[in-house]
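These notes are about the structure you will find just below.
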Amino acid sequence: MSQQLLLQDIDEPGLHTLAVYERRGGYEALRKALAMTRQEVLSELEASGLRGRGGAGFQMGKKVSFLPHGAIERYLVCNADESEPGTFKDRELVQKTPHMLIEGIVIAAYAAEASRAFIYIRGEYVLQADVLDSAVAEAHAAGYLGEDILGSGHSLSLVVHRGAGAYICGEETGLLDSLEGKRGNPRLKPPFPANQGLYQGPTLINNVETLATVPAIMRMGGAEYAKLGVETSTGTKVVSVSGHVQRPGNYEIELGIPSREIIYGLAGGPPEGRAIKCWFPGGSSAPVLTAEDLDVPYDFDSLAHAGSMLGSGAIIVVDDSTPILDVAMKVAKFYRHESCGKCTPCREGTNWTVTMLERIDRGEATPMDLDIITSVCDHIIGNCLCVLGDAMAMPIASMVAKFRPELEAHMQAAHERALPPAAAPAGGGGGFA
Amino acid sequence: MSGGGEGEKRMRAGQGGWDRPAEREKRGASIPDPASTPVPAALRERIESAMALYPDARSAAIPALHAAQEVHGWCSPEAIAQVACVMAVTPAYLDSLATFYDMLETAPAGRHSVYVCTNISCSLRGADELLAAVEEAAAADPDVRVRSFECLGACDIAPMASVDGVYVGPLTPQDVPELLADLRAGRAIMPERQLARRLVADQRANSREFPPPPPQGEGAPTSAERDGAHASEERQP
């Protein structure tokens with residue numbers, strides 16, 4: 001029986017209200033934290049080894065420790081702009097257990113000495129933002145937010161900020177610009193947000209799931225939490241499984257279990273009679289893996305070693321009924337649409353990748369176009385202010401590398417279809433090189 | 001298929017972007033004069049209270065545009081001017097936001113919005129057919145604005161749609177008449193398919209027994225919540 005920390009009581013009726021959350025021991029972790037020094041709380045977070053659940057997987061405790069001290073306003077920003085295709089774990093947490101998130105935010109803000117916090121939630125999450133608004137009001141009324149929380153001297157204001165529909169605002173510096181009331185254009189790093197973030201002040205930015213895990217860490221103790229999972233990927237993780245599986249949804253797993261166990265054991269695998277063609281282990285930005293990789297342990301380092309990434313923890317399964325070109329086009333078009341246009345490699349690269357993929361589908365491409373796609377992807381990766389372009393280039397390049405014969409066959413078939421009947425070579429395919 | 005944003009469509013149609021020269025004779029609008037820009041009191045109040053929440057009032061720009069869009073139906077020049085007047089920023093600054101964010105409408109939109117998610121997880125389960133069916137069924141109805149939308153974060157109920165902000169799914173093309181009928185009649189949209197009612201998929205979750213609900217009083221769950229539903233979704237447009 002694996003440990004459930006985040007989903008343990010998730011569907012308990014009324015868990016989103018303070019009364020039920022408190023009856024479940026809610027805000028006890030906050031009391032415990034406030035009785036400790038900031039440094040002690042930080043030590044627990046560092047000992048837990050908790051890595052960010054938003055995509056980059058950076059150690060949360062380390063991030064907190066990077067914030068400068070002194071008489072300067074520090075901010076905490078919770079990234080609830082969950083928009084990585086395939087990801088819906090934060091939605092479930094915010095909607096059903098908002099107080100767990102708020103408790104985590106108050107504890108993290110205490111460790112980071114932040115007195116103002118913001119939750120940037122994507123505008124599409126109307127219900128979830130409403131739930132958060134009422135939870136924040138309840139927590140405020142009960143003294144868990146506001147001035148001098150529970151007599152500790154620690155104060156925190158918390159504002160729920162609704163976005164307006166832009167994938168790029170999930171990127172931390174794009175989010176900060178958006179929260180400042182601008183277009184969500186990413187910033188040059190460094191300076192990193194820990195030094196110069198929101199309103200140019202030191203800012204701790206963490207994902208919903210990361211912050212929601214903090215109360216559990218305080219309850220168990222960092223060292224105890226670190227025993228869950230594997231050495232470099234500690235704890236539990238909510239994995240969103242979607243696409244061609246029989247039971248799509250959120251599953252809380254201990255990091256390091258075989259991926260097969262999640263896709264087949266929990267989510268039921270592909271529909272009867274179908275086989276897995278490829279799967280994205282960490283949202284649509286992750287390079288695809290194939291059925292051969294199903295035994296890779298689901299943790300940060302194992303997936304990186306297998307040539308992909310854990311990302312936001314969203315598994316998208318594609319079965320053998322779908323042409324790989326369709327998958328590639330969906331992915332590429334999404335990033336083209338969402339590119340903010342600030343950096344040329346991403347703005348132009350995503351556009352030309354889509355154009356070339358469309359050419360394949362129309363039968364106007366030659367196998368050389370696949371090499372050009374790969375080259376375009378190579379020129380995007382690492383050459384932009386943020387990783388949105390990389391997020392298209394990595395999966396597309398992996399599809400070209402792993403499914404080249406299928407793409408060439410698709411190209412050939414489309415080419416033959418596109419030829420007028422009279423011009424079709426008698427032997428078939430003879431004129432195609 | 002999203003086929004690029006609104007800006008791209010306009011650019012293709014030769015209405016702006018690099019294909020059209022800047023109107024160099026025209027002067028940019030300055031901050032609207034409060035004396036000649038009437039702003040509805042309720043809207044002004046919402047914008048001002050949003051501005052008070054942030055160390056820098058400009059952070060309220062997106063919430064303010066959301067509020068103005070609710071009043072005007074879209075980010076019309078009038079709506080932009082009103083927000084600009086209250087926030088003391090130029091209309092161009094707000095235009096730059098309205099054209100950037102997908103949920104801010106830069107052309108007249110219907111009273112109701114249906115966003116059909118057509119990203120990867122939904123399209124693998126038939127979202128493109130669903131979008132075509134919704135578009136066809138609502139084509140003659142100026143009240144309903146149908147859009148293909150990027151991942152709405154509900155791949156567990158794929159394919160799905162957000163109907164005036166309410167998530168429903170999974171949907172098939174056969175469900176479209178019922179969905180639109182509910183929308184037009186002002187009823188809750190397909191209550192049984194609303195995301196709000198969905199329990200987590202993980203069978204190992206909810207590993208502790210639920211104790212009986214606390215006595216009725218402040219903060220006690222309502223009867224609908226005890227039935228396993230988070231009732232707040234049944235909003236009316």
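Since the structure is predicted, the reported quantities are computational estimates derived from the model, not experimental observations. First the proteins, then the strands, lettered A, B, ... as listed; each starts at 1.
Between B/Asp156 and A/Arg91 there is a salt bridge, since at least one side-chain N of the basic residue sits less than 4.0 Å from a carboxylate O of the acidic one. Using a 4.0 Å cut-off between a side-chain N of Lys or Arg and a carboxylate O of Asp or Glu, A/Lys330 and B/Asp128 qualify as a salt bridge.
Listed here is the closest heavy atom pair of B/Thr99 and A/Arg183: OG1-NH1, 3.5 Å. Between A/Gly163 and B/His66, the closest heavy-atom pair is O-NE2, 2.9 Å. Minimum heavy-atom separation, B/Ser207 to A/Gln4: OG-CB, 4.1 Å. Across all their heavy atoms, B/Pro211 and A/Arg23 have their closest contact at CG-NH2, 3.5 Å. Here the closest non-hydrogen pair linking A/Ser242 and B/Ser121 is OG-OG, 2.7 Å. Residue A/Pro13 comes nearest to B/Phe210 through the heavy atom pair CD-CD1, 3.7 Å, listed as atom of the first residue, atom of the second, then distance.
With B/Arg125 contributing its side chain and A/Gly243 its backbone, the two residues share a donor-acceptor pair below 3.5 Å. Using modelled atom types, no side-chain atom of A/Arg247 and backbone atom of B/Ala201 make a donor-acceptor pair closer than 3.5 Å. Of the possible polar contacts, none joining the A/Asp11 side chain to the B/Asn206 backbone as a donor-acceptor pair under 3.5 Å is found. In this structure, the side chain of B/Arg204 engages the main chain of A/Glu252 through a donor-acceptor pair within 3.5 Å. Under the 3.5 Å distance criterion, the side-chain polar atoms of A/Asn250 are left unmatched by any main-chain donor or acceptor of B/Asp202.
Heavy-atom distances place no part of A/Tyr167 under 4.5 Å from chain B, backbone and side chain included. Heavy atoms closer than 4.5 Å to chain B are found nowhere in A/Leu198, neither backbone nor side chain. Of the two parts of A/Arg122, only the side chain, counted from C-beta on, holds a non-hydrogen atom closer than 4.5 Å to a non-hydrogen atom of chain B. Contact annotation for A/Val327: both backbone and side-chain heavy atoms come within less than 4.5 Å of a heavy atom of chain B. When heavy atoms are compared at a cutoff of 4.5 Å, B/Leu53 approaches chain A by way of both its backbone and its side chain. Residue A/Tyr199 touches chain B through its side chain alone, counting heavy-atom pairs closer than 4.5 Å. With a 4.5 Å cut-off on non-hydrogen atoms, A/Tyr75 touches chain B through its side chain but not through its backbone. For B/Ala154, the parts lying near chain A are the backbone and the side chain together; criterion is any non-hydrogen pair under 4.5 Å. Heavy atoms closer than 4.5 Å to chain B are found in both the backbone and the side chain of A/Lys182. Using a 4.5 Å cut-off between heavy atoms, A/Thr322 contacts chain B through its side chain alone, with no backbone atom that close. Contacts between A/Ser178 and chain B at a heavy-atom distance below 4.5 Å involve backbone atoms as well as side-chain atoms. With a 4.5 angstrom heavy-atom cutoff, A/Glu84 touches chain B only via backbone atoms. For A/Val241, no part lies near chain B; criterion is any non-hydrogen pair under 4.5 Å. Contacts between A/Leu179 and chain B at a heavy-atom distance below 4.5 Å involve backbone atoms as well as side-chain atoms. Interface residue A/Glu92: only side-chain heavy atoms are found under 4.5 Å from chain B.
One finds the NE2 atom of A/His337 at 7.0 Å from the CZ atom of B/Phe149 (value rounded to the nearest 0.5 Å). Taking CG of B/Leu152 as the reference point, atom OH of A/Tyr125 lies at 8.0 Å (rounded to 0.5 Å). Rounded to the nearest 0.5 angstrom, A/Asn185 CG and B/Ser96 OG are separated by 9.0 Å. Taking OH of B/Tyr167 as the reference point, atom CD of A/Gln128 lies at 6.5 Å (rounded to 0.5 Å). Note that the CG atom of B/Asn119 and the OG atom of A/Ser284 stand 6.0 Å from one another [nearest 0.5 Å]. If you take CZ on B/Phe100 and CD1 on A/Ile168, they are separated by 7.0 Å, rounding to the nearest 0.5 Å.
Other residues, nucleotides and ligands place no more than 12 heavy atoms under 6.0 Å from the CD atom of B/Glu45. No more than 12 heavy atoms of other residues, nucleotides or ligands shown are found within 6.0 angstrom of CD on B/Gln203.
Taking the six-membered ring where tryptophan is involved, the planes of A/His161 and B/Tyr54 are perpendicular, since the angle between them exceeds 60° and thus also 30°.
At least one side-chain heavy atom of B/Leu124 sits under 4.5 Å from a side-chain heavy atom of A/Ile316. When side chains are defined from C-beta on, B/Cys151 does not count as touching A/Phe88, because their heavy atoms never get closer than 4.5 Å. Within the 4.5 Å cutoff, the side chain of A/Leu127 has no heavy atoms near those of the B/Val166 side chain. B/Leu195 has its side chain within reach of A/Gln95: a pair of non-hydrogen atoms, C-beta onward, lies under 4.5 Å apart. Proximity of A/Glu180 to B/Arg58: side-chain heavy atoms (C-beta onward) are nowhere separated by under 4.5 Å. Within the 4.5 Å cutoff, side-chain heavy atoms of A/Arg116 are placed close to those of B/Pro55.
Between chain B and the residues A/Ala166, A/Ser83, A/Gly184, the largest count of heavy-atom pairs under 4.5 Å involves A/Gly184. Across A/Pro248, A/Gly249, A/Cys340, the residue that shares the most heavy-atom pairs under 4.5 angstrom with chain B is A/Pro248.
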